Amino acid sequence: MGLLVPYDGSALSKAALIRAEQFDAILDEGVTALTVIPESNRQYARDRGWIGPDETYTRAAVVANLERSVSAISPNAVFEFVTVGRSAPYGTIANRIRRYARDADVSILFLGSENAGRMVGS
């Protein structure tokens, strides 16, 4: 069990990571930040700030940049990533997050949203 944050580097996912860290201070279950990375999709990575405009796309560079971003917000969080195809169909990323959460038997999934701070049931 643990706390899971789907993380893409957006302001909302950063807020969710901060909230998960706060919950972990009480629950002591550990926080995992999970990013779903479309393979070899340079434009997707650039659009999300995972690599700079002049930086060469490599999976290693994307992973290193995301891991640094997570660590800067939540030094104790574990960073994990999974990959999907370059042009994954709509819903693929959400499905991979769901599968990861189910397989890892997470206790709470923290999603960044416009209503951050409110609790909802699934």
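The structure displayed is predicted, hence computed values, not measured ones. In what follows, every heavy atom counts, from backbone to side chain, and hydrogens, waters and symmetry copies are set aside.
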Notebook entry, point to check: Heavy-atom distance under 4.5 Å between the side chains of N65 and I51, does that happen here?
Noted result: yes

Margin query: Do V78 and V106 sit in one hydrophobic cluster, given that two such residues count as connected whenever their side-chain heavy atoms are within less than 4.5 Å of each other, even indirectly?
Written below: no

Next item on the list: Taking all heavy atoms of D24 and all of V31, pick out the closest pair and write down the distance.
Entry: CB-CG2, 3.6 Å

Note to self: With rounding to the nearest 0.5 angstrom, report the OG to CD distance, S74 to Q22.
What the structure shows: 10.5 Å

Check: Heavy-atom distance under 4.5 Å between the side chains of F81 and L66, does that happen here?
Finding: no

Margin query: Once rounded to the nearest 0.5 Å, what's the spacing between atom NZ of K14 and atom CD1 of I73?
Written below: 5.5 Å

Checklist line | Value rounded to 0.5 Å, distance of OG1 in T35 from CZ in R96 | finding: 12.5 Å

Note to self: Pairing donors with acceptors under 3.5 angstrom, does anything connect the side chains of Q43 and R46?
What the structure shows: no

Notebook entry, point to check: Which pair of non-hydrogen atoms, one from T56 and one from A61, has the smallest distance, and what is that distance?
Noted result: O-CB, 4.2 Å

Item checked: Ring centers of W50, Y44 separated by less than 6.0 Å -> yes

Item checked: Interatomic distance, R59 atom CZ to N41 atom CG [nearest 0.5 angstrom] -> 13.5 Å

Checklist line | Check: F79 ring centre within less than 6.0 Å of Y7 ring centre | finding: no

Check: Quick one: does L34's side chain get under 4.5 Å of I97's, heavy atoms only?
Finding: yes

Check: Are any side-chain N or O atoms of E21 and backbone N or O atoms of I18, one a donor and one an acceptor, separated by less than 3.5 Å?
Finding: no

Margin query: Would you compute the distance between atom OG1 of T92 and atom CZ of R99 and round it to the nearest 0.5 angstrom?
Written below: 9.5 Å

Next item on the list: Decide yes or no for V63 and I37: does some side-chain heavy atom of the first lie under 4.5 Å from some side-chain heavy atom of the second?
Entry: yes

Next item on the list: Report, as yes or no, whether the 6.0 Å neighbourhood of atom CZ on R42 holds more than 12 heavy atoms from other residues, nucleotides or ligands.
Entry: no

Item checked: Pair E80-T32, side-chain hydrogen bond (donor to acceptor under 3.5 Å, both in side chains): steps then yes or no -> CA-CA 7 Å; E80 296 282 342; T32 300; over 6 Å; no

Check: Is there a donor-acceptor pair under 3.5 Å between the side chain of S13 and the backbone N or O of G9?
Finding: yes

Margin query: If you compare all heavy atoms of P38 against all heavy atoms of R86, which two are closest, and at what distance to 0.1 Å?
Written below: CB-O, 3.9 Å

Notebook entry, point to check: Between CG of N76 and CG of D28, what distance do you get to the nearest 0.5 Å?
Noted result: 10.0 Å

Next item on the list: Determine the minimum heavy-atom distance between A20 and V5, stating which atoms define it.
Entry: CB-CG2, 3.5 Å

Note to self: What I'd like to find out is whether the side chain of P6 reaches to under 4.5 Å of the side chain of L111, using heavy atoms alone.
What the structure shows: yes

Margin query: Go through it in stages, so that I can follow the logic: the residues are L4 and I108, the test is side chain to side chain contact (heavy atoms under 4.5 Å, CB included), and I'd like the CA-CA distance, side-chain angles, deciding distance and then a yes or no.
Written below: CA-CA 6 Å; L4 180 65; I108 302 175; over 6 Å; no

Checklist line | Non-hydrogen atoms of S40 and Y57 that approach each other most closely | finding: N-OH, 3.2 Å

